[in-house]
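What's counted below: heavy atoms across the whole structure, side chains too, no hydrogens, waters or symmetry copies. Computed from a predicted structure; not experimentally measured.
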Amino acid sequence: MAFLNTRYQPLQLRRKILAFVFITAAICYLAWRPTIFNYDAPIFSSVLYLAEIFGFAMLLLHLFSSWRLARRQRRRPADGLTVDVFITAHDHPTSIVRRTLLATQNMHYTHQVWLLDHGNRGVLKQLAAELSCHYLSSNSQDWTKADFLNHALAHSHGDFFAVFEADHAPKHDFLTHTLGYFKDDAVAYVQTPLDFYNLDPTQQRLKRENRIVWTEHSLFYRLVQPGKDYRNAALFCGSAAVLRRDALNAIGGFAKGSQAEDLHTSLKLHKQKFKSVYHPESLAFSLTPAHLAQLIWRKTDWGRGALQVWRSEGLLLGPGLTLAQRFSYLATLIGVLDGWQKALLYILPVIVLATGAMPVAQLAPEAALFIAAYYLLGAWLYEETSRGYGRPLCVQQWNMARFAVSLTAIVGAFSKRVKPASVKRSEVATKYKVHLLPQLLILIANLTTFGVAGAIAFALGKTTPNEILALLTWAGCNALLAATVVLFIGQRARDNRDETRLLMPLPAKVKAPEFDYVYGTIDEISCSGFSFYGQLPQPEAGTRLEGEIYLPSGPVKFNASVKSLIHRTRGDKTYVKAVGCSFNWADPREQDKLSLFLYGSSLQRRLHSLREKIRTPLDGLTGIFTGDKDELDYDPARWATIVYHVKAEGADEASTGLISVAQDQDGLRRLLSYKPLDENAKLEVRVVTRSRGLRVGGIVQFVERIDSPISPVYLYRFISVKAAIASTRFQVTQRVGESSHGI
């Protein structure tokens with residue numbers, strides 16, 4: 001088999017042992033469960049038992065996917081390849097399309113950029129001409145994405161082509177890190193992760209105290225796709241991928257006839273014995289859907305299409321796939337069907353209360369403990385085999401949020417022609433509440449059940465039957481889970497996607513007619529506005545500002561207006577913490593410089609020391625014996641602007657950068673420089689905070705080089721010459737005519 005030569009990371013022995021323990025326990029449990037059926041309610045008991053078998057099968061497929069993860073090592077691409085880049089735009093705002101076009105043009109390796117406009121918008125045609133990109137419009141509004149991509153293939157001639165959604169900005173090294181795999185003539189496509197540059201969207205959880213971020217994509221792209229890749233079954237995901245033209249021609253172009261053309265195309269290519277590659281490095285970044293409705297509609301369309309593919313392609317018995325590939329595709333497609341199982345578990349207490357029938361004949365304390373132990377062991381195995389990317393609580397919340405999508409997809413899969421569920425972005429904000437109804441109904445139903453069961457328990461006094469206690473527990477857990485989902489989505493679902501601000505600290509200086517240049521730190525920034533933290537004298541709303549933002553490629557000049565004052569109260573005193581501003585761009589080229597830097601990068605994740613992977617219980621237990629600790633290398637809570645001088649013979653040039661306000665566990669700070677510094681170089685640093693300035697001297701020790709879309713930045717440990725230097729206030733200003741890098 002082709003995957004036998006693929007390098008991989010195996011599941012650790014301790015997790016394999018846990019897997020075998022669970023499988024043994026599951027066999028015993030599932031063999032025992034029919035002995036406690038309630039034969040007075042045979043249908044109810046049998047359906048619940050089938051749901052348990054279904055859950056066990058899903059966990060086995062998850063174990064299969066995570067047993068071995070492919071580990072790819074990129075190769076240098078051949079010279080002289082012809083490459084087209086297709087950008088598919090539907091109703092994306094022009095500003096977002098512009099960002100992606102700029103990022104694709106910035107990619108290394110010679111290529112041609114094509115803007116595929118499904119909306120036939122004149123403004124996009126004009127944008128393509130302005131940025132010297134090819135432009136194609138759709139001949140019909142009924143075209144699917146597959147139709148449009150096939151249309152683009154007929155008008156282009158590159159031997160290879162990359163595909164990006166219009167909100168998916170690639171890094172400059174996207175092509176150079178993916179094209180090398182095509183030295184193997186059997187490789188049809190190379191898929192990379194679909195990652196996001198905004199940090200706190202609807203389906204993402206961010207724990208700021210320990211810098212852990214979670215999204216439902218984490219498990220798929222960090223674990224599932226590498227597991228599929230080992231078995232030559234990695235999926236093409238519709239964006240952030242490179243494909244071989246000859247391979248697509250061999251199957252007649254992108255697959256049509258379903259609403260999951262990416263999955264369908266993958267399956268057809270694998271049936272024709274082509275290879276796929278999953279390159280696990282994040283090389284492109286987009287905005288995740290900020291509205292629940294967008295996310296629901298997208299998942300509904302894809303799930304419905306996936307089941308249409310299953311029906312039309314004969315996944316289990318059709319020719320062309322290896323057994324390992326069949327299991328890999330089955331693991332993906334069966335996940336679409338889990339909505340019925342989840343719905344049953346959510347309404348089970350209601351059924352019991354309404355019918356008075358329990359799905360078990362007797363629930364002795366020993367039996368209840370056995371059932372609880374089985375489910376807890378399964379949840380533990382899921383977390384361990386997910387290798388730190390599958391957090392059970394977040395996964396259960398995500399299941400609650402999407403269970404109705406699965407049910408809708410199952411119904412839609414039996415229709416030959418179903419109109420896509422997606423609607424225009426402008427309609428999303430007014431319709432998102434409709435998609436909270438399933439969770440609200442589950443919440444109300446389980447709260448009612450909990451209240452009634454509680455009243456019965458109170459009436460029975462101390463002789464509460466085990467069935468009532470189980471009903472209270474189950475209904476309470478369901479209600480709590482639904483409540484957390486409703487509250488979380490209610491807080492996030494109405495965010496305006498186009499105004500997403502990035503948590504990207506940048507050194508800057510501003511001035512106004514009332515005062516000269518003042519240094520400070522810009523954060524919460526987009527191409528439309530920002531927050532400025534600095535010693536602004538008497539800031540007022542409406543104040544006109546001009547200034548410079550320092551980037552690795554040089555300063556970006558801007559004009560802005562103060563829109564709001566951000567206050568903070570400490571004790572009995574209230575002060576202005578920052579000012580919120582909106583850009584007034586006079587030169588679009590300056591805006592493009594900032595846009596190119598902000599989008600298509602994971603730099604902000606590194607600066608805030610964010611991580612997706614957590615320590616599992618077995619990791620923590622092992623750490624007790626090995627001494628490994630789960631600690632951050634530094635506290636990234638805040639960054640402050642610095643202006644520093646390198647103290648070297650004949651060198652006294654001033655530069656700007658950032659320094660972490662908090663220290664790491666060794667009592668050191670992190671210093672970010674836009675240029676490389678010599679190891680142990682001596683620096684004189686002026687640190688600019690909102691309320692004061694500090695002068696400090698020290699040396700730097702190299703930590704890492706961090707890539708950005710325009711040029712790298714460099715992270716160092718900063719070691720003070722003295723343990724503490726008295727902080728003396730100073731005014732950091734600059735007169736007109738002084739050096740832009742001086743103080």
* Asked: Taking only residues two or more places apart in sequence, or in another chain, which ones meet W67 in a side chain to side chain donor-acceptor pair (under 3.5 Å)?
  ->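 By the side chain to side chain donor-acceptor pair (under 3.5 Å) rule, W67 matches no residue at all.
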* **Polar side chain donor-acceptor pair, R15 to T616, under 3.5 angstrom** =>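 Indeed, the side chains of R15 and T616 share at least one donor-acceptor pair under 3.5 Å.
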* Asked: Does a donor on one side chain and an acceptor on the other come within less than 3.5 Å for T104 and H111?
  ->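 No, H111 and T104 have no side-chain donor paired with an acceptor closer than 3.5 Å.
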Flag, side chain of [X] to backbone of [Y], donor-acceptor distance under 3.5 Å:
X: S386; Y: Y389; value: no
X: D84; Y: G158; value: yes
X: T100; Y: A166; value: yes
X: E384; Y: L618; value: yes
X: N150; Y: D147; value: no

Smallest separation among heavy atoms of [X] and [Y], with atom names:
X: S156; Y: A152; result: OG-O, 2.9 Å
X: Q225; Y: C237; result: NE2-SG, 3.6 Å
X: F403; Y: A343; result: CD1-CB, 4.0 Å
X: S218; Y: E612; result: OG-OE2, 3.3 Å
X: R99; Y: S595; result: CG-OG, 3.1 Å
X: R326; Y: G320; result: NH2-N, 4.3 Å

* **side chain to side chain contact (heavy atoms under 4.5 Å, CB included) between S239 and L194, intermediate numbers included** => CA-CA 7 Å; S239 184; L194 305 185; 4.1 Å; yes
Which value, rounded to the nearest 0.5 Å, describes the distance between [X] atom [atom1] and [Y] atom [atom2]?
X: F54; Y: L59; atom1: CZ; atom2: CG; result: 12.0 Å
X: S328; Y: Y230; atom1: OG; atom2: OH; result: 11.0 Å
X: T88; Y: H168; atom1: OG1; atom2: NE2; result: 10.5 Å
X: L63; Y: F20; atom1: CG; atom2: CZ; result: 8.0 Å
X: L263; Y: E313; atom1: CG; atom2: CD; result: 9.5 Å
X: S276; Y: L235; atom1: OG; atom2: CG; result: 8.0 Å

* To do: Start with the C-alpha gap between T82 and D159, add the side-chain angles, then the distance that decides, and say whether side chain to side chain donor-acceptor pair (under 3.5 Å) holds.
  => CA-CA 5 Å; T82 55; D159 294 328; 3.3 Å; yes
* Structure fact -> Only one of F164, F148, F254, F161 passes ring-ring contact (aromatic ring centres under 6.0 Å, His included) with F86, and that residue is F161
* Asked: Is it the case that more than 12 heavy atoms not belonging to Q126 sit under 6.0 Å from its CD atom?
  -> no
* Are the aromatic rings of Y181 and H279 close, with centres under 6.0 Å apart? -> yes
* To do: Assess the pair H108 and F174: is the distance between their ring centroids shorter than 6.0 Å?
  => no
Are any of the side-chain heavy atoms of [X] and [Y] separated by less than 4.5 Å?
X: H270; Y: N232; answer: yes
X: V190; Y: V187; answer: yes
X: L330; Y: W310; answer: yes
X: F597; Y: L603; answer: yes

* Asked: Can D262 and T265 be said to form a side chain to side chain donor-acceptor pair (under 3.5 Å), step by step?
  -> CA-CA 5 Å; D262 48 4; T265 301; over 6 Å; no
Mind telling me whether [Y] and [X] have parallel, tilted or perpendicular rings, with 30° and 60° as the class edges?
X: F160; Y: F182; result: tilted
X: H134; Y: W114; result: parallel
X: F22; Y: F56; result: tilted
X: Y221; Y: Y278; result: parallel

* To do: Answer yes or no for R231 and Y329: cation-pi contact, defined as NZ/CZ to six-membered ring centre under 6.0 Å and angle to ring axis within 45°.
  => no
* Asked: Is it true that the NZ or CZ of R71 lies under 6.0 Å from the centre of Y8's six-membered ring and within 45 degrees of the ring axis?
  -> no
Can we say [X] and [Y] salt-bridge, meaning some charged N sits less than 4.0 Å from an Asp/Glu carboxylate O?
X: D619; Y: K613; value: no
X: K256; Y: E261; value: no
X: D229; Y: R72; value: yes
X: R222; Y: D195; value: yes

Output all residues satisfying side chain to side chain contact (heavy atoms under 4.5 Å, CB included) with [X], sequence neighbours left out; order by chain, then residue number.
X: P392; answer: E383
X: D592; answer: R98, L102
X: D707; answer: K171, H172, D173
X: S137; answer: N120, Y135

* To do: List the steps, then state whether side chain to side chain contact (heavy atoms under 4.5 Å, CB included) holds for K228 with Q325.
  => CA-CA 8 Å; K228 292 179 179 294; Q325 287 175 324; over 6 Å; no
* Asked: Going through the distances and angles, do V277 and Q191 end up as a side chain to side chain contact (heavy atoms under 4.5 Å, CB included)?
  -> CA-CA 6 Å; V277 170; Q191 179 66 55; over 6 Å; no
* In sequence, state the C-alpha distance, the side-chain angles, and the governing distance for T94 and R121, and then conclude on side chain to side chain donor-acceptor pair (under 3.5 Å). => CA-CA 10 Å; T94 305; R121 289 180 285 172; 4.7 Å; no
* Residues T178, R74; criterion side chain to side chain donor-acceptor pair (under 3.5 Å); working and verdict -> CA-CA 7 Å; T178 54; R74 64 175 182 264; over 6 Å; no
* **By salt bridge (Lys or Arg N to Asp or Glu O under 4.0 Å) - contacts of K16 (at least two apart)** =>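 Salt bridge (Lys or Arg N to Asp or Glu O under 4.0 Å) check on K16 returns nothing, list empty.
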* Asked: Would K125 and E130 satisfy salt bridge (charged side-chain N to carboxylate O under 4.0 Å, His left out), going step by step from the backbone distance to the final call?
  -> CA-CA 9 Å; K125 185 175 183 179; E130 176 189 342; over 6 Å; no
* To do: Apply side chain to side chain contact (heavy atoms under 4.5 Å, CB included) to the pair T385 and L18, showing each step before the final yes or no.
  => CA-CA 9 Å; T385 53; L18 179 63; over 6 Å; no
